[in-house]
*Asks:* 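Dropping a structure here in structure tokens format, bear with me for questions.
Order of the sequence lines fixes the chain letters, A, B, ..., with proteins taken first and strands second; residue numbering starts at 1 for each chain. Just so it is clear, the model here is predicted, and its values are computed rather than measured. Values reported hereafter were calculated over all heavy atoms of this structure, with side chains retained and with hydrogens, waters and symmetry mates removed.
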Amino acid sequence: MPHLTPNSIGSVIESAVSKRSLLLGRAAHAFIIRTLDTPPPAFLSNHLVNLYSKLDLPGSAELVIRLTPSRSVVTWTTLIAGLVQNGHFASALIHFSNMLRDHVQPNDFTIPCAFKAAASLRLHATGKQVHAFSVKSGQVTDVFVGCSAFAMYLKTGLIEEAKKLFDEMPEKSIAMWNAYISNAVDVGRPRDAVHKFIEFRRAGGNPDSITFCKFLNACSDASYVELGQQLHGFSIRSGFEESVQVSNGFIDFYGKCGKTGQAEVVFDEMRERNDVSWCTLVSVFVQNHEDEKACGVFLRARKEGVEPKDFMVSIVISACAGLSGLELGRSVHSLAVKACVDDNIYVGSALVDMYGKCGSIEDAERAFHEMPERNLVTWNAMMGGYSHQGHSDTALALFEEMTGSYRVPPSHVTLVCVLSACTRAGAVKQGMEIFESMRERYGIEASAEHYACIVDLLGRAGMVERAYEFIKKMPISPTISVWGALLNACKVYGKPELGTIAAHKLFELDPKDSGNHVLLSNLLAASGRWEEATLVRKEMKDVGIKKGTGYSWVTVKGKVHTFQAKDTGHDRNSEIQATLAKLRRQMEAAGYIPDTKYSLHDLEEEEKMTEVGHHSEKIALAFSLLALPPGVPIRITKNLRICGDCHSAFKFISGIVGREILVRDNNRFHRFRDGHCSCRDYW
DNA sequence: CTAGGGTTAG
């Protein structure tokens, strides 16, 4: 490289920075040391500081600074800006004061960095000092300086100071409006954000891509669905159809409003996508419980060569949790290890959650213990896993450990886990005590979810009337899950009157749901109130509510086998039928009597018996017994709730064949072993 | 060679 001039070395370093190539940058640095005088020209030192601070090697950058006698404002600012960009806010502030001690005056590039660092650390006193400095030097009126000072006051919560600054600014850049709107969204005041946007438009402002993104967040947070849709037209007219960020914002907005179809349309129509586009679409499907679609988009992304980063991996793992897809979950786990993202706290928490929901508590524990750091979500996931699997005592012990020795303050999610663990353990007294001390001890206001837990707690313990009295005294209006818990208890303990009250509340709140009608009708039938039961069925038919088709599925060697009731379409059908017949004989010998009230059709008794014998979960079980090697636990997933007859049949079968049977239905998890189920009181 | 406001999650 004989012809390299200092100027061209500068360009080489510049390109190393833009390509983020440390190798190239180090080569240039070595070349400088070998061929040029020490110290090199000041501008080359600046280039080197820029290189190391952008590539997040602050130590090397500091070293270059120390070896540069002619440190200028640019040298210092380059270092500080790099530190801020890489999130090292405290060192940025330390170097800001080092710079002052070095008698170098900050310019209007330096001060915004200092404001940003102070704001990110919520150091309002430091922020005020920087502000005072910029007033004295006359720099506040600069649009960048003023805007960053304004943003600092917003972030540190000094709203009055922020407003004063806003009004005093001679020229308001769009960044100032964006900072305002964005802050309103961040502090949970989306309506303020919307009002500010309208004020901005009245003042003649034209939104840019950042305004659109933040405004969309405000729309979804405040459920302003129509406003967001109107904005879609406006954004296209303003020429933002090509903006990847804005399109990503619309995908997210439509997803949060439950319009997954629209979200997909926006995604499909994008000419260019980045990995955020893919992640957003996957998470849209997960948020709306369309986990299969989420996995489908993920596989498509893999095919298109999108790198599996921590973000994507954590979302896909939660999709696997929703599907109870242990095999797929394991394969995403190994992908996470290969991509070196399994150390990420989001990924780790998602793994704990996934293994817990898939019924593999040992894997959940392993993932939990292997995590380098844990946060509240990690603890919640582990506790949820234990509680879900019926290990109530372990869940409660973990709660003690978390709040006691680890001093992690619980969230409302934690308390839902704890209360449901109490329910499973039948610990009424303990559960009530925790519930009543929530506000005082943990500063958590009980939400409808917590009330539902208590109704469930009392209901499952057989105190159905007390549960109803409890609902009547609720200070907030009871939700679907509250009445659902009561109806469930009425079903278990045969309380047709209360059950009818609960069910009718549910019909109002959730008119399209078929499950509640079926539950009430079964309850009435079981209590001998045949006419009322028939009436509920008739009502259901009249209003046009259909019971969704029930599916059960199992995964064998990575292939998913799906079954419906009375399914005869599988390749191994004749073997399946033979297994079902054999199982029925063995069960009957052990004392099993088919419970025909779970047959939903108007048939003769004999036919009903045959029908319940061919529910999708039984077929899936027969197939699993054929297809899986002996001793391996059988995992069945069902999109509806497992039927009561199948539930008792599975208990018998688990004893007869000596196998563990794990069923994940759309309500809960069942582990059948040695003639028992982990949910004991459920049916 | 240096700057403000910013899209995705458990």
Side-chain angles (χ1 to χ4, degrees), chain A residues 10-11 13-14 17 41-51 53-54 72-82 84-85 106-116 119 139 142-152 154-155 172-183 185-186 208-217 243-253 255-256 273-284 286-287 309-319 321 344-354 375-381 384 413:
Chain A
S11 319
I13 301 175
E14 233 174 84
V17 171
F43 82 95
L44 276 185
S45 294
N46 292 348
H47 269 300
L48 287 171
V49 170
N50 191 34
L51 170 77
S53 84
K54 287 283 154 64
S72 70
V73 61
V74 174
T75 323
W76 283 107
T77 307
T78 306
L79 173 71
I80 294 166
V84 169
Q85 274 176 26
N107 66 9
D108 44 6
F109 282 61
T110 330
I111 293 179
C113 297
F115 275 129
K116 191 174 178 177
Q139 284 159 311
D142 176 82
V143 284
F144 281 94
V145 172
C147 178
S148 52
F150 173 63
M152 181 275 296
L154 287 176
K155 274 207 192 105
K172 291 177 193 51
S173 63
I174 187 167
M176 280 190 95
W177 293 93
N178 288 344
Y180 197 111
I181 292 169
S182 151
N183 181 255
V185 173
D186 292 345
D208 66 4
S209 63
I210 294 168
T211 329
F212 276 111
C213 287
K214 271 315 201 184
F215 187 73
L216 281 170
N217 288 340
S243 161
V244 178
Q245 280 105 318
V246 173
S247 297
N248 292 347
F250 277 106
I251 297 173
D252 179 59
F253 162 75
K256 293 235 165 82
R273 305 179 184 105
N274 59 13
D275 46 333
V276 175
S277 321
W278 288 96
C279 286
T280 308
L281 187 64
V282 174
S283 87
V284 158
V286 173
Q287 278 166 32
K309 302 223 180 91
D310 48 9
F311 229 108
M312 180 66 113
V313 171
S314 73
I315 302 166
V316 176
I317 293 170
S318 50
N344 177 280
I345 194 157
Y346 287 94
V347 173
S349 303
L351 283 171
V352 173
D353 181 62
M354 183 271 292
N375 63 14
L376 183 59
V377 178
T378 324
W379 288 96
N380 288 349
V413 179

*Asks:* Which one, B:dG5, B:dG10, B:dT8, comes nearest to the side chain of A:C279?
*Replies:* B:dT8
*Asks:* Give a yes/no answer on whether the side chain of A:N217 brings an N or O atom under 4.0 Å of OP1 or OP2 in B:dT8.
*Replies:* yes
*Asks:* Just checking A:Q139: base, sugar-phosphate only, or nothing, at a heavy-atom cut-off of under 4.0 Å?
*Replies:* nothing
*Asks:* Kindly write out the residues that satisfy salt bridge (Lys or Arg N to Asp or Glu O under 4.0 Å) with A:K256, not counting sequence neighbours, or none if the list is empty.
*Replies:* A:D252
*Asks:* Given B:dA3, B:dT7, B:dG5, identify the nucleotide with an atom nearest to the side chain of A:Q245.
*Replies:* B:dT7
*Asks:* Which nucleotide, B:dG6, B:dG10, B:dT8, lies nearest any side-chain atom of A:K214?
*Replies:* B:dG6
*Asks:* Of the nucleotides B:dT7, B:dT2, B:dA9, which has the atom closest to the A:V276 side chain?
*Replies:* B:dT7
*Asks:* Base, sugar-phosphate, or nothing: which does A:L51 touch, judged by heavy atoms less than 4.0 Å apart?
*Replies:* nothing
*Asks:* For a quick check of understanding: with a heavy-atom distance under 4.0 Å over all strands, which category does A:S314 fall into, base, sugar-phosphate or nothing?
*Replies:* base
*Asks:* Once you round it to whole Å, what is the distance between P of B:dG5 and CZ of A:F212?
*Replies:* 20 Å
*Asks:* Identify whether any heavy atom of A:T280 sits under 4.0 Å from a base atom; if not, whether one sits that close to sugar-phosphate; answer base, sugar-phosphate or nothing.
*Replies:* sugar-phosphate
*Asks:* Just to be sure I understand the rule, does A:K256 reach a base, reach only the sugar-phosphate, or reach nothing, if contact means heavy atoms closer than 4.0 Å?
*Replies:* sugar-phosphate
*Asks:* Taking the minimum atom-to-atom distance to the side chain of A:S283, which one of B:dT8, B:dA3, B:dG5 wins?
*Replies:* B:dT8
*Asks:* Hey, is the side chain of A:S173 pairing donor to acceptor with the base of B:dG4 inside 3.5 Å?
*Replies:* yes
*Asks:* Between A:K116 and B:dG5, is there a contact of a side-chain N or O with OP1 or OP2 at under 4.0 Å?
*Replies:* yes
*Asks:* Would a 4.5 Å heavy-atom cut-off, applied to side chains only, mark A:I174 and A:I210 as touching?
*Replies:* no
*Asks:* Is the distance from OP1 or OP2 of B:dT2 to the nearest side-chain N or O of A:N50 less than 4.0 Å?
*Replies:* yes
*Asks:* The side chain of A:H47 lies closest to which of these nucleotides: B:dC1, B:dA3, B:dG5?
*Replies:* B:dC1
*Asks:* To the nearest 0.5 angstrom, please state how far the CG atom of A:N274 sits from the OG1 atom of A:T280.
*Replies:* 8.0 Å
*Asks:* Tell me whether A:Y346 is stacked on the nucleobase of B:dA9, counting only the six-membered base ring and applying the 5.5 Å and 30° thresholds.
*Replies:* yes
*Asks:* A:F43 on top of B:dC1's base, within under 5.5 Å and under 30°?
*Replies:* no
*Asks:* How would you label the contact of A:A350 with the nucleic acid (heavy atoms, under 4.0 Å): base, sugar-phosphate, or nothing?
*Replies:* nothing
*Asks:* Using a distance-only criterion (donor-acceptor N/O pair, under 3.5 Å, no hydrogens), is the base of B:dC1 paired with the side chain of A:N46?
*Replies:* yes
*Asks:* Using a distance-only criterion (donor-acceptor N/O pair, under 3.5 Å, no hydrogens), is the base of B:dG5 paired with the side chain of A:D208?
*Replies:* yes
*Asks:* Could you give the CG-to-P distance, from A:L351 to B:dA9, as a whole number of Å?
*Replies:* 19 Å
*Asks:* Looking only at the side chain of A:A179 (C-beta and beyond, no hydrogens), which of the listed nucleotides B:dT8, B:dG5, B:dG4 gets closest?
*Replies:* B:dG5
*Asks:* Is there a donor on the side chain of A:N375 or the base of B:dG10 sitting less than 3.5 Å from an acceptor on the other?
*Replies:* yes
*Asks:* Out of B:dA9, B:dG5, B:dG10, which nucleotide sits closest to the side chain of A:S349?
*Replies:* B:dG10
*Asks:* Between atom CZ in A:F109 and atom P in B:dT2, what is the gap in whole Å?
*Replies:* 9 Å
*Asks:* Please state whether the phosphate of B:dT2, meaning OP1 or OP2, lies under 4.0 angstrom from any side-chain nitrogen or oxygen of A:Q85.
*Replies:* no
*Asks:* Distance alone, cut at 3.5 Å: any donor-acceptor contact between the side chains of A:S72 and A:T75?
*Replies:* yes
*Asks:* At under 4.0 Å between heavy atoms, what does A:D310 touch on the DNA or RNA strands: base, sugar-phosphate, or nothing?
*Replies:* nothing
*Asks:* Kindly point out which of B:dA3, B:dG6, B:dC1 is positioned nearest to the side chain of A:V74?
*Replies:* B:dC1
*Asks:* Check every atom of B:dT7, B:dG4, B:dT8 against the side chain of A:N274 and return the nucleotide holding the closest atom.
*Replies:* B:dT7
